[in-house]
Colleague: 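My questions will all concern the structure given below.
Everything quoted here is computed from the prediction, not taken from an experiment.
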Amino acid sequence: MASPRFRSLLTAALLLVWAACASSPQPIAAPSAPPTASAPTASSSEQPPRPAQQTMPAAPPTPAPAPVPAAAESIRIDIVGTSDLHGWAEPHHALLPDGRELSSGGLRNFAGYLDILRQRLPGGVVLVDTGDTYQGTILSNLFEGLSLVPVLNYLDYDAIGIGNHEFDYGPVGPRGAAARPGDDPLGALKAISTVTEFAMLGRNVYVGGSNERPKGMSPTGLLIVERRGIKVGIVGLATPDTVNVTTPVNVAGLRFGDMVSEAKAAAEELLAKGADVLVGVFHEGNDCGDLSDPTDLSSCNVQGGLIPILQALPSGLFDAVIGGHSHGRVGHFINGMPVIQSGAQGYAFGIVELSIDPVTKRSIRDRTNIRANIPVCEQVIAQTGDCNVRSFKPGMWLAPASFEGKPVVPSKLVDEMIAPFARKVAELQAQPLGVELQEALVRQYRSESPLGNALAEVLLAATGADVALLNSGGLRADLKPGALTYGALYEVLPFDNNVATLELTGDELIEMFETLLSSNHGVPQIAGLKLTTVHCQGESYIVDARDSKGWKIGPTKLYSVAMSDFLALGGDGLSKFLGSIPAARKDLGLSRDLNLRDEIAEQIRKGAQNGLPLPGIDGRMTLLSCPNPAKAFPVSGRH
């Protein structure tokens with residue numbers, strides 16, 4: 001590893017002291033061997049000229065064709081990509097039917113894979129991540145991401161892209177939103193940047209109307225690293241949807257540029273600076289159900305995300321692309337570019353293997369290989385080659401993980417780096433909430449869910465509001481059967497949101513839910529309300545709305561609605577709607593002693609003798625199909 005042991009340990013110790021003072025999925029089964037695919041054979045094994053751009057200088061004269069070097073003579077470079085770590089430095093643990101534990105993911109295990117890659121290809125590995133790196137676990141959140149930095153430094157990441165959740169921590173300290181005078185909305189992100197040894201790339205992130213990037217990020221959003229004599233140019237791009245999927249007040253002073261135009265401009269600038277190959281790190285992604293054929297996109301959701309962006313770029317513009325944000329899997333050639341995306345939470349990683357012509361220093365495209373969704377394991381199920389507990393069947397057995405024919409050796413040094421932070425959170429994490437769950441409470445993003453209903457009921461009781469609302473995107477894990485602990489609840493609700501309350505008329509209440517349901521950010525999880533909705537031509541309409549007693553919602557009657565300050569500040573597309581609500585009817589919860597997660601935890605403790613409310617699926621959110629897609633559905637009198 002590139003980072004010296006003593007420096008990483010010292011960094012970890014210093015960060016623990018600093019933090020003490022300052023204070024989104026199931027694993028997807030992988031095939032027994034990770035898919036390896038080569039680019040389709042072209043008429044020539046040499047890479048065609050990189051597509052010209054209007055603003056690019058004229059290309060130099062094409063040299064006379066030269067013999068293609070033998071594979072052994074080409075220069076090999078591996079682009080290794082991870083995505084959406086969400087604070088999961090430690091492995092995930094699951095019990096097999098026979099009681100044994102199977103772990104998956106974890107940076108200690110990933111370090112073992114990296115060791116093998118770097119030993120096999122000395123000086124030839126580029127390591128990048130697409131963002132959403134820190135927010136998500138109590139181990140990371142309690143220290144606002146600083147507990148992960150020593151490990152990421154030790155793993156020797158070259159660059160990490162800026163994801164939407166990089167802005168969640170807001171100012172340094174316990175408040176997740178910069179809602180008070182003097183709060184620096186980028187304070188926590190800037191604190192992380194002071195101790196990182198890798199570049200933080202957000203090429204399309206600007207301060208207001210300027211062309212300057214926020215402090216703490218790379219001033220250009222670009223990076224060039226040299227590997228085996230080849231200059232590798234890297235650009236990081238954040239999703240423009242960040243303004244809708246993080247606390248809006250934390251990014252109110254930022255502007256997010258279009259990913260297509262920014263990618264083209266970045267490629268031009270990197271080439272002008274001497275880059276030989278180009279790597280795009282996009283915090284935008286897709287999901288493909290089948291990775292067996294890298295040229296077949298029929299299993300991919302191609303209507304949105306990264307795929308349309310890549311299809312709008314010149315063919316073959318990037319030599320490797322790493323996607324993220326959607327928590328999906330991709331291992332395909334898209335518009336002449338090899339693309340990898342490896343889910344989320346550290347379960348897997350991917351590799352784009354490049355062969356570089358030593359004379360032209362250009363990648364030989366028909367020798368580019370994709371190795372997609374490689375599972376990160378300490379032990380594997382011998383018959384499947386992965387460590388997904390769902391793959392285990394009676395009669396199967398476990399074996400030590402291996403990679404490239406060598407045993408994976410988890411890093412004890414990573415354990416040592418994490419240990420002081422882990423000890424600090426262990427006691428907090430194990431606190432019982434006094435409730436025993438007889439069955440799992442699971443979440444659903446696009447429908448009413450047992451978990452959403454239960455937690456919304458708890459929030460309703462904790463606040464005494466008429467209606468409680470939780471956004472599906474804020475529920476990041478399921479609750480397993482057994483004794484409910486604070487740590488388990490933390491995994492479900494990892495964001496440090498305040499409890500906000502809005503006073504809305506019945507008409508405004510219906511308009512808010514129609515806005516949420518039309519915004520493609522998941523189905524709201526509710527209590528105190530029963531809604532019947534129809535989705536037609538891209539918009540949702542409420543056709544019936546009743547309170548918990550069955551009375552129809554009164555158009556002018558005022559209702560108190562408890563929610564997260566993420567929503568109350570305009571998240572999930574509510575900014576325009578909230579602009580019409582008088583400030584006097586908005587309480588962002590700044591005077592409350594507890595945040596949303598802790599208010600729910602405290603209410604569970606108070607009502608422990610009665611157990612957790614378990615309404616199950618009771619039809620409080622009924623979603624009807626559009627009866628006539630060719631005609632907008634006639635609905636409430638407001639339309």
Side-chain angles (χ1 to χ4, degrees), residues 24 83-84 128-135 159-171 176-178 184-190 192-193 199-223 234-270 280-286 304-310 312-313 318 321-327 341 473 495 519-521 566-567 569-576 578-579:
S24 138
S83 59
D84 299 279
V128 296
D129 183 88
T130 60
D132 280 4
T133 306
Y134 309 99
Q135 169 65 267
I160 288 181
I162 299 296
N164 52 292
H165 288 297
E166 261 62 73
F167 302 98
D168 285 347
Y169 292 136
D184 182 354
L186 302 182
L189 185 58
K190 291 176 182 176
I192 290 173
S193 73
M200 296 172 64
L201 303 181
R203 168 74 181 191
N204 61 330
V205 184
Y206 299 96
V207 177
S210 74
N211 290 322
E212 295 183 2
R213 291 164 189 88
K215 292 182 179 178
M217 302 182 197
S218 163
T220 63
L222 308 175
L223 177 69
I234 307 170
V235 56
L237 295 159
T239 174
D241 199 37
T242 295
V243 295
N244 295 314
V245 286
T246 190
T247 302
V249 70
N250 290 345
V251 294
L254 302 179
R255 173 173 59 88
F256 294 82
D258 170 71
M259 296 182 95
V260 173
S261 58
E262 293 280 357
K264 291 178 181 177
E268 177 183 343
E269 186 173 339
L270 286 168
V281 178
F282 289 75
H283 193 73
E284 192 63 87
N286 294 90
L306 181 58
I307 290 176
I309 294 170
L310 297 181
L313 294 174
F318 289 98
V321 172
I322 298 86
H325 187 50
S326 65
H327 295 195
Q341 185 180 344
F495 306 108
S519 66
N520 199 33
H521 291 295
F566 164 75
L567 291 173
L569 288 165
D572 280 1
L574 285 180
S575 293
K576 184 177 179 180
L578 290 169

Colleague: What heavy-atom pair brings A238 and I162 nearest, and what distance separates the two atoms?
Modeller: CB-O, 3.2 Å
Colleague: Measuring only between side-chain heavy atoms, which start at C-beta, is Q341 closer than 4.5 Å to I322?
Modeller: no
Colleague: When F167 is tested against each of V251, T247, V245 for side chain to side chain contact (heavy atoms under 4.5 Å, CB included), which residue passes?
Modeller: V251
Colleague: Do you know which two heavy atoms are closest between R203 and A266, and how far apart they sit?
Modeller: NE-CB, 4.0 Å
Colleague: Between T220 and E269, is the side chain to side chain donor-acceptor pair (under 3.5 Å) condition met? List the steps.
Modeller: CA-CA 10 Å; T220 63; E269 186 173 339; 5.4 Å; no
Colleague: Would you give the length of the straight line joining atom OG of S261 to atom CG of L313, rounded to the nearest 0.5 angstrom?
Modeller: 9.5 Å
Colleague: I need the single residue from N164, D241, N286 that forms a side-chain hydrogen bond (donor to acceptor under 3.5 Å, both in side chains) with H325. Which is it?
Modeller: N164
Colleague: Could you check L237 against E284 for side chain to side chain contact (heavy atoms under 4.5 Å, CB included), going step by step and ending with a plain yes or no?
Modeller: CA-CA 8 Å; L237 295 159; E284 192 63 87; over 6 Å; no
Colleague: Take M217 and L189 through the side chain to side chain contact (heavy atoms under 4.5 Å, CB included) test and state the conclusion after the steps.
Modeller: CA-CA 9 Å; M217 302 182 197; L189 185 58; 4.0 Å; yes
Colleague: If you define the side chain from C-beta out and look only at heavy atoms, does anything of H283 sit under 4.5 Å from D132?
Modeller: yes
Colleague: Does some side-chain heavy atom of P214 sit less than 4.5 Å from a side-chain heavy atom of L254?
Modeller: yes
Colleague: Testing the basics here: between S326 and G285, what is the closest heavy-atom pair and its distance to 0.1 Å?
Modeller: OG-C, 3.3 Å
Colleague: Working note: V205 + F256, criterion side chain to side chain contact (heavy atoms under 4.5 Å, CB included); need CA distance, chi angles, decisive distance, verdict.
Modeller: CA-CA 5 Å; V205 184; F256 294 82; 3.7 Å; yes
Colleague: Applying side chain to side chain contact (heavy atoms under 4.5 Å, CB included) between V260 and each of N204, L310, I309, report the one that passes.
Modeller: I309
Colleague: Which value, rounded to the nearest 0.5 Å, describes the distance between D168 atom CG and E166 atom CD?
Modeller: 8.5 Å
Colleague: What do the steps show when you test V281 against L201 for side chain to side chain contact (heavy atoms under 4.5 Å, CB included), and what is the final call?
Modeller: CA-CA 9 Å; V281 178; L201 303 181; 5.7 Å; no
Colleague: Taking side chain as C-beta onward, heavy atoms only, is Y169 less than 4.5 Å from Q135?
Modeller: yes
Colleague: Going from CE on M259 to NZ on K264, what distance comes out if it is rounded to the nearest 0.5 angstrom?
Modeller: 14.0 Å
Colleague: Please report the shortest heavy-atom distance between S218 and R213, naming the atom on each side.
Modeller: O-CD, 3.6 Å
Colleague: Which heavy atom of P171 sits nearest to which heavy atom of A177, and what is that distance?
Modeller: CD-C, 3.9 Å
Colleague: Kindly give the heavy-atom pair with the smallest separation between F282 and A263, and that separation in Å.
Modeller: CZ-CB, 4.1 Å
